[in-house]
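In what follows, a single structure is set out as structure tokens and then discussed.
Because the structure is predicted, anything quoted here is derived from the model rather than measured. Sequential numbering from 1 along the given sequence is applied to the chain's residues.
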Amino acid sequence: MASMMPAILLLAAGLMLAMVVMERNERRLKSSQTRLQAIFATSPTPLLVGYWQGSDYATDQVNPAWERQFQIPAAKIAGLSGRDFSWWVSAQDRARFLEQAHRGEGVSQFMVWLRRMDGSHFLGSISCHTEQVRGRQMIVMAYDDVTLSYRMQQQLQELNRTLEERVARAADELIQSEKLAALGQLVAGVAHELSTPIGNALLAASTLEAEIRQLEQAHSQGLRRSDLEQFLQEGSMNASVMQRNLERAVSLIGSFRQVAVDRTTSQVRKCSLRQVTDEALLLIQPLLKGSPHRVQVEIPEDLQLVTCPGSLTQILINLVQNALLHAFTERQSGLIRIQAYSLNQECLLVVSDDGCGISADMQQRVFEPFFTTRMGQGGSGLGLHLVHNLVTGVLEGRIRLVSEPGQGCRFELTIPGLQQDVIRP
């Protein structure tokens with residue numbers, strides 16, 4: 001009996017130790033549960049704990065943040081399945097969510113519209129996790145109200161869309177301004193070119209009028225044969241001067257009228273490329289006369305195109321103006337060449353200069369709207385953009401830039417509608 005006492009004591013001590021350990025673990029478990037419950041209750045994120053009933057779940061408990069978000073008391077939904085009390089706006093969305101969650105894979109940021117008790121809606125982002133607890137399949141769901149960020153994103157997208165529209169509209173308006181500026185140059189060209197022949201005709205008419213008065217005075221005093229012969233000689237000369245200058249004015253007016261019609265209607269017609277080029281240069285003659293640079297035209301007289309001469313005129317004006325503005329910044333004088341060749345059934349129109357050239361990185365951007373190296377110094381950044389649009393859009397052609405720094409620029413325009421083969425020199 002005495003020999004059994006140490007064993008019994010040892011067993012008792014072991015039982016007591018086990019009881020102490022169990023009590024300590026239970027206290028730890030309860031402490032852990034208390035902490036988890038405190039976290040659950042104080043979490044700012046709406047949380048719902050439920051358990052699976054077949055393919056659906058029933059609510060076990062929700063935290064205060066969930067009650068505030070949905071405006072539904074926890075006691076009102078405890079034990080109810082989602083079918084009995086649904087805060088989902090769309091049954092289809094709820095079915096997709098349950099199908100995904102029931103597979104046990106977890107769901108992250110499932111975006112769906114949800115309903116509060118007062119009937120108002122908000123956009124929720126739901127994440128969930130399924131876990132086996134004491135033989136029961138539990139589900140924990142976290143809800144996040146992302147309505148504000150969603151609406152801000154929608155507003156940002158709308159602003160971006162309207163901004164793109166406003167930028168496109170502004171670009172169109174600036175292009176129209178560019179065309180109006182060209183129209184102003186047309187008016188200036190008309191006034192400048194007509195002033196000379198009309199002025200000459202007016203001077204000849206005034207001289208003839210004075211000669212007629214002298215003849216009348218001589219007649220009243222006794223007309224001599226020499227007076228009559230002098231009047232006939234000088235009068236004939238002045239009449240000839242008037243005729244030549246008025247014919248020149250009529251010719252200019254006809255050219256300007258045709259250019260104006262072409263530029264406003266973009267009509268397609270058969271035209272002489274040389275004549276279109278001469279008319280384009282005539283429009284910017286005031287600019288060229290005030291410049292030390294010169295333009296050399298090498299286009300056969302018989303080269304005919306069926307195209308939009310108004311657009312072609314605008315293209316030539318813009319390319320020449322671009323060279324005058326940008327090519328010769330480091331030179332006192334320069335040469336602009338306009339050449340044309342046949343290329344199968346197309347015309348190759350080349351506008352080149354011997355100016356400073358364009359660097360490789362800038363060549364990639366010259367046709368972009370608003371790109372210019374002379375902003376605030378006479379450059380709008382729309383001249384070459386308009387050229388590109390007219391060539392590729394209206395004329396249905398192609399344009400290519402060839403340039404190297406210090407080697408000038410060469411704009412090659414391939415235009416359809418060639419009517420007569422011209423031998424390339």
Side-chain angles (χ1 to χ4, degrees), residues 172 175-176 178-183 185-187 189-190 193 248 250-285 288 295-323 336-353 366-367 382-402 409-425:
D172 289 340
I175 289 175
Q176 293 303 319
E178 189 87 1
K179 291 181 178 180
L180 288 175
L183 181 61
Q185 293 171 351
L186 170 63
V187 174
V190 170
E193 293 301 319
R248 172 62 177 162
V250 169
S251 176
L252 287 172
I253 290 173
S255 297
F256 289 133
R257 180 186 300 157
Q258 185 60 62
V259 170
V261 170
D262 288 338
R263 287 160 65 89
T264 55
T265 63
S266 295
Q267 65 177 1
V268 176
R269 65 177 177 86
K270 186 175 181 179
C271 61
S272 163
L273 182 57
R274 179 59 184 261
Q275 182 179 351
V276 170
T277 303
D278 291 342
E279 289 172 349
L281 296 178
L282 185 63
L283 296 179
I284 56 174
Q285 196 60 228
L288 292 172
V295 179
Q296 181 175 311
V297 179
E298 302 172 13
I299 299 177
E301 295 284 352
D302 59 348
L303 198 154
Q304 302 286 323
L305 287 173
V306 174
T307 187
C308 298
S311 298
L312 196 52
T313 300
Q314 182 71 63
I315 290 167
L316 289 167
I317 289 174
N318 282 25
L319 289 176
V320 173
Q321 286 180 327
N322 183 75
I336 302 170
R337 299 176 70 188
I338 304 177
Q339 303 162 288
Y341 315 110
S342 65
L343 190 66
N344 298 326
Q345 298 301 312
E346 297 175 317
C347 171
L348 177 62
L349 177 63
V350 179
V351 180
S352 60
D353 63 70
V366 292
F367 297 120
L382 289 171
L384 291 182
H385 175 64
L386 181 58
V387 167
H388 184 273
N389 286 353
L390 290 174
V391 172
T392 60
V394 179
L395 303 187
E396 299 181 351
R398 303 181 300 279
I399 183 169
R400 185 170 77 104
L401 168 62
V402 180
C409 290
R410 177 184 173 95
F411 290 92
E412 297 181 352
L413 288 65
T414 305
I415 305 171
L418 184 67
Q419 292 297 290
Q420 180 177 350
D421 287 335
V422 179
I423 299 176
R424 179 170 181 165

Report summary line: Hits for side-chain hydrogen bond (donor to acceptor under 3.5 Å, both in side chains) against Glu396, two or more places apart or cross-chain, chain-then-number order -> none
Query raised in the report: Listed by chain and number, what are the side-chain hydrogen bond (donor to acceptor under 3.5 Å, both in side chains) partners of Glu346, not counting sequence neighbours?
Result: Arg398
[X] versus [Y]: any side-chain heavy-atom pair under 4.5 Å?
| X | Y | result |
| --- | --- | --- |
| Ile336 | Ser352 | no |
| Thr307 | Cys271 | yes |
| Leu413 | Leu319 | yes |
| Val295 | Ile338 | yes |
| Leu348 | Ser342 | no |
| Lys270 | Val306 | yes |
| Val387 | Ile399 | yes |
| Leu349 | Leu312 | yes |

Query raised in the report: Got a sec, which residues hit side-chain contact (heavy atoms from CB on, under 4.5 Å) with Glu301, two or more places apart in sequence or on another chain?
Result: Arg274
Between atom [atom1] of [X] and atom [atom2] of [Y], what is the distance when rounded to the nearest 0.5 Å?
| X | Y | atom1 | atom2 | result |
| --- | --- | --- | --- | --- |
| Thr414 | Asn344 | OG1 | CG | 10.0 Å |
| Ile299 | Tyr341 | CD1 | OH | 10.0 Å |
| Ile415 | Leu395 | CD1 | CG | 5.5 Å |
| Asp278 | Ser272 | CG | OG | 8.0 Å |
| Leu288 | Gln321 | CG | CD | 9.0 Å |
| Gln275 | Leu303 | CD | CG | 13.0 Å |

How far apart are the closest heavy atoms of [X] and [Y], and which atoms are they?
| X | Y | result |
| --- | --- | --- |
| Pro416 | Leu305 | O-CD2, 4.2 Å |
| Val320 | Ile284 | CG1-CD1, 3.6 Å |
| Cys347 | Ala340 | SG-CB, 4.3 Å |

Query raised in the report: What is the ring orientation for His388 with Phe367, classed by angle as parallel under 30°, tilted 30 to 60°, or perpendicular over 60°?
Result: tilted
**Report entry** Partner of Gln339 under side chain to side chain donor-acceptor pair (under 3.5 Å), chosen from Arg410, Gln296, Glu412, Glu298
**Finding:** Glu298
